[in-house]
**Student:** 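The following block contains the structure, expressed as structure tokens.
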Amino acid sequence: MKVGVLVSGNGTNLQALIDAQARGDLSPGEIAVVISNNPMAPALARAIAAKLPAVAVDHRGLERQVFEERVLASLDAHGVEAVVLAGFMRVLTPHFIERYPLRIVNTHPSLLPAFPGKDAIAQALAHGAKITGVTIHFVDTSLDGGPIIAQESVPIVEDDDAATIQGRVQHLEHRMLPVVVRRLAAGKLSCQGRIVRRAE
Ligand code: GAR
């Protein structure tokens, strides 16, 4: 199953997917294209270094609908059947999401439904939470509210700051995300209402 990866920034989660693919651990998933809304994203350089098609669709100055049509056209051109949001910092409209029913996954740096939206780690820190974590979920038209596929926690300890927590969170998501993508590509995830089950 051909997978499109949408990114905005550093791309460490993309790198985890690239590394998993190189090991054969993403199969039958295959990264077909990497698309960034930020032309300067280091993630694009990671894609190029891995000899993957890397596409920039700069959202600035574009109406949301035009931006999404360009992204969809690129996904279509590469035969993409499933989409991974790997640090993609744009909200997608229902028009986009409905093109890939139960075929878009997102990794989010909190234990959803706690701390949705932007700056989830800073939100957890400011709230005084003692644990946070990673949630990988199907994307529906709610903000970070789709059915949860995988979720793991990390502690927040005294003297932590956003950077130390982010290190812990990313270590976890780099392990979790390739596993989810492999299962999705293999058709091993089923969803009834909010409940996601895996057959493996
Ligand atoms: C990741 O930690 C991801 O969970 C988070 O952005 C980071 C991107 O890092 N996503 C969100 O906050 C989405 N709301 P990366 O570019 O190094 O993969």
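The figures here come from the full heavy-atom set of this structure, side chains too, leaving out hydrogens, waters and symmetry mates. Order of listing sets the numbers, starting from 1, for every ligand and every atom in it.
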**Student:** Could you work out, for atom 16 (O) of ligand 1, the closest of Gly9, Gly11, Ser36 by heavy-atom distance?
**Tutor:**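 Selected option, by shortest heavy-atom distance: Gly11.
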**Student:** Can you list the residues that meet the side-chain hydrogen bond (donor to acceptor under 3.5 Å, both in side chains) rule with Ser27, with sequence neighbours excluded?
**Tutor:**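 Partners of Ser27 by the side-chain hydrogen bond (donor to acceptor under 3.5 Å, both in side chains) criterion come out as none, since no residue qualifies.
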**Student:** Going by atom type alone, with no hydrogens or angles, which donor-acceptor pairs under 3.5 Å involve a side-chain atom of residues 15-23 and a protein atom two or more places apart or on another chain?
**Tutor:**
residue: Gln15; atom: OE1; partner: Arg46; partner atom: NH1; Å: 3.3
residue: Gln15; atom: NE2; partner: Asp19; partner atom: OD1; Å: 3.0
residue: Gln21; atom: OE1; partner: Ile31; partner atom: N; Å: 2.8
residue: Arg23; atom: NE; partner: Asp25; partner atom: OD2; Å: 3.0

**Student:** Whether Asp76 and Arg99 form a salt bridge (side-chain N of Lys/Arg under 4.0 Å from carboxylate O of Asp/Glu) is what I want to check.
**Tutor:**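 Yes, charged N to carboxylate O under 4.0 Å.
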**Student:** To which protein heavy atom is atom 12 (O) of ligand 1 closest, and what is the distance rounded to 0.1 Å?
**Tutor:**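 Scanning the protein heavy atoms, the shortest distance from atom 12 (O) of ligand 1 goes to Pro109 CD, 3.3 Å.
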**Student:** Quick one: nearest non-hydrogen protein atom to atom 4 (O) of ligand 1, plus distance?
**Tutor:**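 Result for atom 4 (O) of ligand 1: Glu173 OE1, 2.8 Å.
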**Student:** Give the residue and atom name of whichever protein heavy atom lies nearest to atom 14 (N) of ligand 1, and the separation in Å to one decimal.
**Tutor:**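 For atom 14 (N) of ligand 1, the nearest protein heavy atom comes out as His108 ND1, 3.4 Å.
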**Student:** Which word best sums up how the rings of Phe67 and His59 line up, parallel for under 30°, tilted for 30 to 60°, or perpendicular for over 60°?
**Tutor:**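 Rings of Phe67 and His59: perpendicular, over 60°.
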**Student:** Which ligand 1 atoms, with their elements, are less than 4.0 angstrom from a heavy-atom of Thr107?
**Tutor:**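 Once the distances to Thr107 are compared, the set is 3 (C), 4 (O), 10 (N).
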**Student:** In terms of side-chain geometry, is the basic nitrogen of Arg90 or Glu68 positioned less than 4.0 Å from the acidic oxygen of its partner?
**Tutor:**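 So Arg90 does not pair with Glu68 through a salt bridge.
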**Student:** Can a non-hydrogen atom of Val169 be found less than 4.0 Å from any atom of ligand 1?
**Tutor:**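 In this structure, Val169 fails to qualify as a contact of ligand 1 - no heavy atom is under 4.0 Å.
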**Student:** As a quick check of understanding, evaluate side-chain contact (heavy atoms from CB on, under 4.5 Å) for Leu112 and His137, giving each step before the final call.
**Tutor:** CA-CA 9 Å; Leu112 291 170; His137 63 94; 3.6 Å; yes
**Student:** Looking only at protein heavy atoms, which one is nearest to atom 7 (C) of ligand 1, and what is the separation?
**Tutor:**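 Ranked first by proximity to atom 7 (C) of ligand 1 is Gln170 NE2, 3.7 Å.
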**Student:** Within this structure, what is the CD1-CZ distance for the pair Ile104 and Phe88, rounded to the nearest 0.5 Å?
**Tutor:**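 Rounded to the nearest 0.5 Å, the CD1-CZ separation comes out at 10.0 Å.
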**Student:** With respect to Gln166, determine whether any N or O atom, backbone or side chain, lies less than 3.5 Å from an N or O atom of ligand 1.
**Tutor:**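 No.
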**Student:** Quick one: nearest non-hydrogen protein atom to atom 8 (C) of ligand 1, plus distance?
**Tutor:**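 Result: Gly87 CA, 3.6 Å.
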**Student:** Tell me which protein heavy atom sits closest to atom 17 (O) of ligand 1, plus the residue, atom name and distance to 0.1 Å.
**Tutor:**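 Here the closest protein heavy atom is Thr12 OG1, 2.6 Å.
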**Student:** Under a plain distance cut-off of 3.5 Å, with no hydrogens placed, do Thr107 and Asn13 share a side-chain donor-acceptor pair?
**Tutor:**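 No - no donor-acceptor pair under 3.5 Å links their side chains.
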**Student:** Please write down residue, atom name and distance for the protein heavy atom closest to atom 6 (O) of ligand 1.
**Tutor:**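 The answer is Met89 CE, 3.2 Å.
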